[in-house]
**Q** 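Just dropping this structure here.
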Amino acid sequence: MVSTAAGAARAAADQLRAAMNKADCTPTQIAIEIRGQFGIRPRAAWRLAHGLTLQEVADRVNDLASTRPGVAVAADASLAARWEKWPSRTGRRPTPSVLVVLAEVFGCTAEELIDFKDRQAMPPGELQLLRHGAPPRQAPQSSAPPAYVAVPEPESDPVQAAAGESAVWAQWAESTNVGDIALEQLTADVRALGRDYLCRDPAIVFRDARRLRDRIFDLLRGHQPPKQSSELYVLVGYLCCLLAWMSSDLSPRLDYADTQGRTAWLCASLADHTELRAWTLSTRSKIAFWDGRFRDAIAFAREGAALRPSGTVGVLLACQEADAWSRLEAADNAHAALARAHEAQESLQGDDDVGGLLSCPNFRRVNYSTGVNLRTGRASEALQEATSALVGPSPHAYGTTAQMRITLASAHVVMGDSDGAAEALRPVLMLRPEQRLAPIAERMHEFAAVVARSPMAESPIASNLQSAVKSWHLESAPRRLALSPGTLTS
């Protein structure tokens, strides 16, 4: 909360700026006057001279930095305030690159943003950079500490010089291009994407996830302490998991999804993060399953389960193993895996890091169970389970709901109830084209195959169902995206 004194000073500075603007004074003159009258540090004075809030400065810095190759900044109001307070104990030293971007925001030079107190505290190498010209805008930001540049003095004390060099390195080591609040926001953004994918247009969520991934990639090319680097690797690893799931939903090219999965695995290894490893293995199991590599899907699922991760990923891994075994017609193995999924659900410990798409609530587990039961000759159990789950009060992801309805329709076909099949399938046929994802389309193919093998295959209602499924596929999401290049990047 802004203090009364700070608010009064801001109001007085605003009045002074308004009066000097009427007198056609330049921002430089206004900044100098604000510093003189109110004893304000230079970076704050320049901000007040332009009438900007801390958040507005942070937003403009982020926008400008995003256009500078090699300059990655994730600023917020808190970080902008700490730049202004430095070198006080609660401040944070702005790097030369940050000073250059701030200078561009304020329309001044980088040296006009520092005073004598700043110069006393800045590393000699950075002062030299500012004195002789800031780092070139196109030069990539180095992740190495700045060299210690000393002015040669005949009577120089080597012990003092060595201490100075260590001080320069220590200041570099504790500097960062991402603040704690920015990390919290990035985490919230990743979680929001995981939730949004279950209900929003998948192509739009894919685009947003890609942009956020690129932003974190840029931050990792800069400099931050190891703990913050590890957090960024975890976040970008989860984003690559999300992009892998989305890619396999939106494109028939599963090798693209697998590339995202391998990148997520690298991030998990760099961060040494068990839960991310488990979710990456679940992701790769999913890709292998839809690619027809069922034994690879089982191997990935078992490797993930062996990590004993917290959250619901253990439930999902067991479900995925069961799904793959059912495709291999190994009913006993499939039901043993389903039993482990139920046990994992009953003994859950810990929360999911992301949630949404990267979670396995009970409804999702039941969806896997109904599919396995149907494939292993237990149509009545599949019908009962699906019917019970679909009448539940909680809202569910449209994709999971659609898959369960398709299983329910298939079970009705097997049981000889054509009207029940048509009724169960009706909401799926009404899905918007952008929601007709690849897994749902594959389940629709399975349904058509079940109808073709059933005693009702030659009946009018079966013919109508087959025709409806065929028309539905013409407007599926992968087909539409294949015919509309650029949708995911616009």
**Q** Give a yes or no on whether the backbone of Ala468 and the side-chain of Ser471 come within a donor-acceptor separation of less than 3.5 Å.
**A** no
**Q** Main chain of Val451, side chain of Ser454: is a donor-acceptor contact present, judged purely on distance under 3.5 Å?
**A**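 Yes; at least one donor-acceptor contact below 3.5 Å.
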**Q** Between Arg43 and Trp83, is there a donor-acceptor pair closer than 3.5 Å when you use the side chain of the first and the backbone of the second?
**A**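 Flag set: sc Arg43 to bb Trp83 pair under 3.5 Å.
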**Q** Donor-acceptor check, side chain of Ser247 to backbone of Leu243, threshold 3.5 angstrom: yes or no?
**A**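 Yes, the answer is positive, given that a donor and an acceptor are paired below the 3.5 Å cut-off.
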**Q** Measure from the side-chain N and O atoms of Ser467 to the backbone N and O of Asn464, and report whether any donor-acceptor pair falls under 3.5 Å.
**A** no
**Q** Nearest 0.5 angstrom please: Arg284 CZ to Asp291 CG, how far?
**A** 11.5 Å
**Q** Would Phe294 and Ser326 count as a side-chain contact (heavy atoms from CB on, under 4.5 Å) if you check the C-alpha gap in whole Å, the side-chain angles of each, and the deciding distance to 0.1 Å?
**A** CA-CA 9 Å; Phe294 303 123; Ser326 73; over 6 Å; no
**Q** Going from CZ on Arg293 to OG on Ser285, what distance comes out if it is rounded to the nearest 0.5 angstrom?
**A**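 Atom-to-atom, Arg293:CZ and Ser285:OG are 9.5 Å apart.
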**Q** Run the side-chain contact (heavy atoms from CB on, under 4.5 Å) test on Arg60 and Leu52 for me, step by step, so that the C-alpha distance in whole Å, both residues' side-chain angles and the decisive distance to 0.1 Å come before the verdict.
**A** CA-CA 10 Å; Arg60 296 187 186 193; Leu52 298 173; 3.4 Å; yes
**Q** Verify the neighbour count for atom CG of Asp201: are there more than 12 heavy atoms of other residues, nucleotides or ligands below 6.0 Å?
**A**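 Above 12, so yes.
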**Q** Pick out which of Thr280, Val354, Thr283, Leu193 makes a side chain to side chain contact (heavy atoms under 4.5 Å, CB included) with Tyr238.
**A** Val354
**Q** Do the rings of Trp46 and Phe106 sit parallel, tilted or perpendicular, given the 30° and 60° boundaries?
**A**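 Parallel: the ring planes of Trp46 and Phe106 meet at under 30°.
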**Q** Would you say CG of Asp255 has more than 12 non-hydrogen atoms from neighbouring residues, nucleotides or ligands within 6.0 angstrom?
**A** yes
**Q** Without hydrogens or angle criteria, can the side chains of Ser410 and Glu446 be said to hold a donor-acceptor pair below 3.5 Å?
**A**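 Distance-only check fails for Ser410 and Glu446.
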**Q** Can a side-chain donor-acceptor contact be found between Glu321 and Trp325 if the only test is distance below 3.5 angstrom?
**A**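 Their side chains do contain a donor-acceptor pair, which is all the 3.5 Å distance test asks for.
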**Q** Roughly how far apart are Arg213 CZ and Leu242 CG, rounded to 0.5 Å?
**A** 12.0 Å
**Q** Using a 3.5 Å distance criterion without hydrogens, assess whether the side chain of Gln224 forms a donor-acceptor pair with backbone atoms of Leu219.
**A**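 Yes; judged by distance alone, with no hydrogens or angles, the pair exists.
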**Q** So, taking the atom named CD in Glu231 and the one named CG in Leu186, what distance separates them when rounded to the nearest 0.5 Å?
**A**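 So the gap between those two atoms works out to 10.0 Å.
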**Q** Do other residues, nucleotides or ligands put more than 12 heavy atoms under 6.0 Å from Gln345 CD?
**A**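 Yes, CD of Gln345 has more than 12 neighbouring heavy atoms, counting only those of other groups under 6.0 Å.
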**Q** Is it true that Glu343 and Arg340 make a salt bridge, defined as a side-chain N closer than 4.0 Å to a carboxylate O?
**A** no
**Q** To the nearest 0.5 Å, how far apart are OH in Tyr398 and OH in Tyr197?
**A** 6.0 Å
**Q** Regarding Arg365 and Asn362, do their side chains bring together a donor and an acceptor under 3.5 Å, going by distance alone?
**A** yes
**Q** Among Glu381, Glu329, His335, exactly one meets side chain to side chain donor-acceptor pair (under 3.5 Å) together with Thr376. Which residue is that?
**A**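 When side chain to side chain donor-acceptor pair (under 3.5 Å) is applied between Thr376 and each of Glu381, Glu329, His335, only His335 qualifies.
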**Q** Checking Arg436 side chain against Leu431 main chain: does a donor-acceptor pair fall under 3.5 Å?
**A** yes
**Q** Does Ser251 use its side chain to pair, donor to acceptor, with the backbone of Ser248 at less than 3.5 Å?
**A**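 Absent.
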**Q** Name the one of Lys286, Arg375, Arg364 that satisfies salt bridge (Lys or Arg N to Asp or Glu O under 4.0 Å) with Asp323?
**A**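 Single pass found, and it is Arg375.
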**Q** Would you find a donor on one side and an acceptor on the other, under 3.5 Å apart, between the side chain of Gln466 and the backbone of Ala448?
**A** yes
**Q** Show every side chain to side chain donor-acceptor pair (under 3.5 Å) that has at least one partner inside residues 181-195, sequence neighbours left out.
**A** Gln185-Asp189
**Q** So does Gly356 get a backbone contact from the side chain of Ser359, meaning a donor-acceptor N/O pair under 3.5 Å?
**A**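 Side chain of Ser359 to backbone of Gly356: a pair is present.
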**Q** To the nearest 0.5 Å, how far apart are CG in Asp218 and CG in Asp214?
**A**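 Spacing of CG (Asp218) from CG (Asp214) equals 7.0 Å.
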**Q** Side chains of Ser310 and Gln349: donor-acceptor distance under 3.5 Å anywhere?
**A**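 Ser310 vs Gln349: no donor-acceptor pair found between side chains.
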**Q** With side-chain contact (heavy atoms from CB on, under 4.5 Å) as the test, would you mind laying out the steps for Leu316 and Trp279 before giving the verdict?
**A** CA-CA 9 Å; Leu316 184 57; Trp279 275 110; 3.5 Å; yes
